[in-house]
Amino acid sequence: MTIPGSVARFFFALEISILLQLEALDLFLSIPDRERAAKCRINIANLMVLHGDGDYNSQETAIQDALADHIQGRGGYGHCLFLLRDLDGRHGQSLSALIWLNQAERILAKGRNSFVHTECTRSLALNYFKICQYDLAHSWAASSLEECESIGDLAGCSAAAVILGFIAFAREDYKGSFEHFLHSLRDRKATGLAPIGDALEAMGCIWAKLGKSTDARRAFEESLQQYSSEEFTEHSQYGIVRTQFFLKRLETPKVDLGTEVLVALLRQYAQSRIDRILAPLHLET
């Protein structure tokens with residue numbers, strides 16, 4: 001298979017960037033400048049993910065090494081702690097992540113990097129949501145949205161609005177959920193970014209719950225298109241499995257729920273939420 005020229009150039013640029021960061025890391029360790037060394041390690045971890053070589057263990061190792069650099073350099077400890085525990089949260093370890101994310105948030109709140117602080121508060125909101133602590137999740141998501149609005153970070157506003165939408169969705173406040181998801185879509189459009197597949201998927205579930213099969217199908221198809229256009233990740237693949245299942249269910253409400261679909265659903269929704277999503281549909285004809 002021939003690799004398109006633009007893709008080849010992208011990976012070549014990534015490889016050059018990784019090499020330059022490695023050279024810089026050697027330089028900063030020899031000086032020594034632990035703060036800049038830590039930043040290089042984080043940059044390398046992020047670049048390796050883009051290159052397709054970054055799994056959980058390699059990212060954790062890079063961030064742990066950067067954390068050690070920061071401890072000696074006395075600088076961005078809070079940022080590093082946030083990155084490490086956010087990584088835990090994204091790999092299903094919400095309870096472990098929350099203990100440290102709260103500590104990271106207190107450190108970051110005293111700093112001057114509002115963008116990192118809002119990322120941390122969103123991570124707190126998402127992990128509280130995953131363990132069904134909706135009041136705490138709402139408090140952190142609303143705080144993140146307010147801070148993002150104050151610094152003009154529309155992408156951050158969109159991400160916080162999606163979390164608020166899922167919280168309202170879990171509480172069966174469908175009107176409020178729609179408002180938050182539409183807020184997210186408007187902010188993404190204003191920044192020239194594609195809509196978030198998760199938001200479109202949830203909107204499809206709401207439409208289906210309300211019996212609006214045409215609107216539900218449109219939302220699921222747009223969500224499937226978005227997941228399919230994303231980088232090949234666990235998140236996008238689970239999203240594809242879910243939306244394909246939801247589309248089949250609109251045509252055949254009693255379609256079988258296989259193991260693959262169940263795992264994909266559990267990655268996105270709490271068990272109680274899945275039971276409600278899979279309740280019998282009363283679709284318009």
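With hydrogens and angles disregarded, a donor-acceptor distance shorter than 3.5 Å links the side chain of Ser150 to the backbone of Glu147. In this structure, the side chain of Arg249 engages the main chain of Leu278 through a donor-acceptor pair within 3.5 Å. Checked by atom type and distance alone, the side chain of Thr191 pairs as donor or acceptor with a backbone atom of Asp187 at under 3.5 Å. At least one donor-acceptor pair under 3.5 Å links the side chain of Ser144 to the backbone N or O of Thr118.
Separating the CE atom in Met203 from the OG atom in Ser184 is a distance of 9.5 Å, to the nearest 0.5 Å. Note that the CZ atom of Phe245 and the CG atom of Leu265 stand 6.5 Å from one another [nearest 0.5 Å]. If you take OG on Ser143 and NE2 on His117, they are separated by 6.5 Å, rounding to the nearest 0.5 Å. In this structure, the separation between OG on Ser236 and CD on Gln226 is 10.5 Å, given to the nearest 0.5 Å. The CD1 atom of Ile163 sits 10.0 Å away from atom CG of Asp198, with the distance rounded to the nearest 0.5 Å. For the atom pair Asp153 CG and Leu145 CG, the distance stands at 10.5 Å (nearest 0.5 Å).
Here Glu201 pairs with Arg242 under the salt bridge (charged side-chain N to carboxylate O under 4.0 Å, His left out) rule; sequence neighbours left out. Among residues two or more places apart in sequence or in another chain, the ring-ring contact (aromatic ring centres under 6.0 Å, His included) test is passed with Tyr174 by none. By the ring-ring contact (aromatic ring centres under 6.0 Å, His included) test, Phe246 is found to be paired with Phe220, residues two or more places apart in sequence or in another chain being considered.
Grouping the Ile, Leu, Val, Met, Phe, Trp and Tyr side chains by contacts below 4.5 angstrom, directly or via other members, places Tyr134 with Leu266. Both Ile131 and Leu124 are assigned to one and the same hydrophobic cluster, defined by single-linkage of ILVMFWY side chains at heavy-atom distances under 4.5 Å. At a threshold of 4.5 Å between side-chain heavy atoms, the hydrophobic network of Ile, Leu, Val, Met, Phe, Trp and Tyr places Leu257 and Leu247 in one connected group. No single ILVMFWY cluster, assembled from side-chain heavy atoms under 4.5 Å apart, contains both Leu182 and Leu154. Side-chain heavy atoms closer than 4.5 Å link hydrophobic residues (I, L, V, M, F, W, Y) into clusters, and following such links, possibly through other members, connects Leu262 to Ile240.
Closest heavy-atom contact between Ala141 and Ala160: O-CB, 3.8 Å. Considering every non-hydrogen atom in both Phe181 and Val162, the closest pair reads CE2-O, 3.6 Å. Gly204 approaches Ala216 most closely through the heavy-atom pair O-CB, 3.5 Å. Here the closest heavy-atom approach between residue Leu193 and residue Ala155 is recorded as CD1-CB, 4.0 Å. The two atoms that bring Cys157 and Cys148 nearest to each other are SG-CB, 3.6 Å, heavy atoms only. Heavy atoms only, all atoms of each residue included: Arg188 and Ala194 are closest at NE-O, 2.7 Å.
Side-chain contact between Ser223 and Tyr227 is present, with at least one heavy-atom pair separated by less than 4.5 Å. Within the 4.5 Å cutoff, the side chain of Ile206 has heavy atoms near those of the Leu210 side chain. With contacts defined as side-chain heavy-atom distances shorter than 4.5 Å, the pair Leu185/Leu200 qualifies. Contact of the Thr214 side chain with the Trp207 side chain is not registered, since no non-hydrogen atoms from C-beta on lie closer than 4.5 Å.
Salt-bridge formation is detected for the pair Asp135/Arg171: a Lys NZ or Arg NE/NH1/NH2 atom is positioned less than 4.0 Å from an Asp or Glu carboxylate oxygen. Between Lys175 and Glu179 there is a salt bridge, with a side-chain nitrogen of the basic residue lying less than 4.0 Å from a carboxylate oxygen of the acidic one.
Atom CD of Glu146 is surrounded by 12 or fewer heavy atoms from other residues, nucleotides or ligands within 6.0 Å.
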* Just do the side-chain contact (heavy atoms from CB on, under 4.5 Å) check on Phe166 and Gln268 with the steps written out, would you? => CA-CA 10 Å; Phe166 270 109; Gln268 186 81 341; 3.5 Å; yes

